[in-house]
Amino acid sequence: MARPWNFSAGPSALPETVLQQVAAEMLDWNGSGMSVMEMSHRGKHFVQICDQAEADLRELLNVPADYAIMFMQGGGLGENAIVPMNLIGRRGDPAADFVLTGHWSTRSHKEAGRYGDTHVAASSGVATTIDGCEQAPWTWVPPVDTWQVRRHAAYLHFCSNETIHGVEFNDWPDLATLGAPDVPLVVDASSHFLSRPMDITRAGLVFAGAQKNAGPAGVTVVIARRDLIGKALPICPSAFDYANVAAEHSRYNTPPAFAIYVAGLVFKWVKAQGGVAGMEAANRAKADLLYGYLDSTGFYRNPVHGPVRSRMNVPFVLRDESLNAAFLQGAEAAGLMQLKGHKSVGGMRASIYNAMPLDGVHALVAYMQDFERRHG
Ligand SMILES: *Cc1c(COP(=O)(O)O)cnc(C)c1O
């Protein structure tokens, strides 16, 4: 049976060759006679798997030695609590700033409020006009020179790709230009991690739940500058204290071993695609194809300000919303799965992560054109 095209926002499609390798190695990893699921997390086989995954990720993103790479549990929402527990008190009175650009950054802000004093440095949660164009809330990014960052904040958090609203940052700002050189960036990069080059040294900490673009659910990647580690609040569970996790190379307690193994295979796959630069070229081609079609018709519409449209998550609405159910039913019949938009925004969403080939986007656009011909 042919695999359908899976446009799920997460957990999402994995590269087929990775799944095949996992299947081939399921009962016997590399002559060990064991499945990775059955291995001691302190045995030589798993230590090799875990350290190789870390080394490959370090190479892919050019992560310097003064940054720790950690494979943790708890997902993106877990990090919304784990980051403040580790960082918010590092400069004395707990304080952290947030830039709100949609659902996920708003969730992060709310969660951090349980651990200290939080402040909204900027928000796109209101309508505005850009270049004469009306922009609805959460369809744009506040210009960096309007961010009001407190100089004493422990960090400034933003979400570099808003998975639900389809808004992506193309650059990470330099807060020295805002008079806050001692405020490190904390970046939730969950849904575009490894989709493009990222200058990790611009940030103090980057985290990503693997299940969007980097592997299966269960492992969360955290990359943190080492000087920020080691000042966790007393309430921080020791298993979630970055100082412990980094010192033990992600093996302070039993890590999500199988998920780390599969993520490691995805890292190898990304390397074989030309690394993150190769991924970026492929992702650009897919996004250009889909947005190009969306902009050529009045039948569908993407509401996001052009320069910050996500290459990963493409929300769109039908002009006639009464056709939504028919659109989704026809899409499934054509082997195009999981196109329903998030309930908070409605409409449709096509997530076109790394593992989605250009052919899948061609199939989607062909279906959308055909649907428009029949209903337009
Ligand atoms: C999916 C997602 C999350 C939540 O991740 P969980 O692993 O479900 O906790 C957080 N942030 C972003 C940007 C996401 O896309």
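Quick caveat: nothing in here was measured; it's all calculated off a predicted structure. Numbering of ligands and ligand atoms starts at 1, following listing order. Side chains are part of it too, since the values below use all heavy atoms of this structure and drop only hydrogens, waters and symmetry mates. We number each residue from 1, following the sequence as shown.
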Run the salt-bridge test on E280 and R284 with the 4.0 Å N-O cut-off and return the result as yes or no.
yes
Sequence neighbours left out, what passes side-chain contact (heavy atoms from CB on, under 4.5 Å) with Q211? Give chain and number order.
P11, A217
Name every donor-acceptor pair, under 3.5 Å, that has one atom in a side chain of residues 320-327 and the other anywhere in the protein, sequence neighbours excluded.
unit_1 : atom_1 : unit_2 : atom_2 : d
D320   : OD1    : S322   : N      : 3.0
D320   : OD1    : S322   : OG     : 2.6
D320   : OD2    : S322   : OG     : 3.3
E321   : OE1    : N324   : ND2    : 2.9

Ligand 1: which protein N/O atoms lie under 3.5 Å from its N/O atoms?
unit_1   : atom_1 : unit_2 : atom_2 : d
ligand 1 : 5 (O)  : G76    : N      : 3.4
ligand 1 : 7 (O)  : G76    : N      : 3.0
ligand 1 : 7 (O)  : Q211   : NE2    : 2.8
ligand 1 : 9 (O)  : G76    : N      : 3.1
ligand 1 : 9 (O)  : L77    : N      : 2.8
ligand 1 : 11 (N) : D188   : OD2    : 2.7
ligand 1 : 15 (O) : T163   : OG1    : 2.4
ligand 1 : 15 (O) : K212   : NZ     : 2.5

L61 vs L194 side-chain heavy atoms within contact, under 4.5 Å
yes
Donor-acceptor pairs are to be reported for all side-chain atoms of residues 119-127 against protein atoms at under 3.5 Å, with residues two or more places apart or in another chain.
unit_1 : atom_1 : unit_2 : atom_2 : d
H119   : NE2    : Q148   : O      : 2.9
S123   : OG     : G125   : N      : 3.0
S124   : OG     : W140   : O      : 3.2

Within the distance-only criterion (no hydrogens, no angle test), does the side chain of K286 pair as donor or acceptor with the backbone N or O of M356 below 3.5 angstrom?
yes
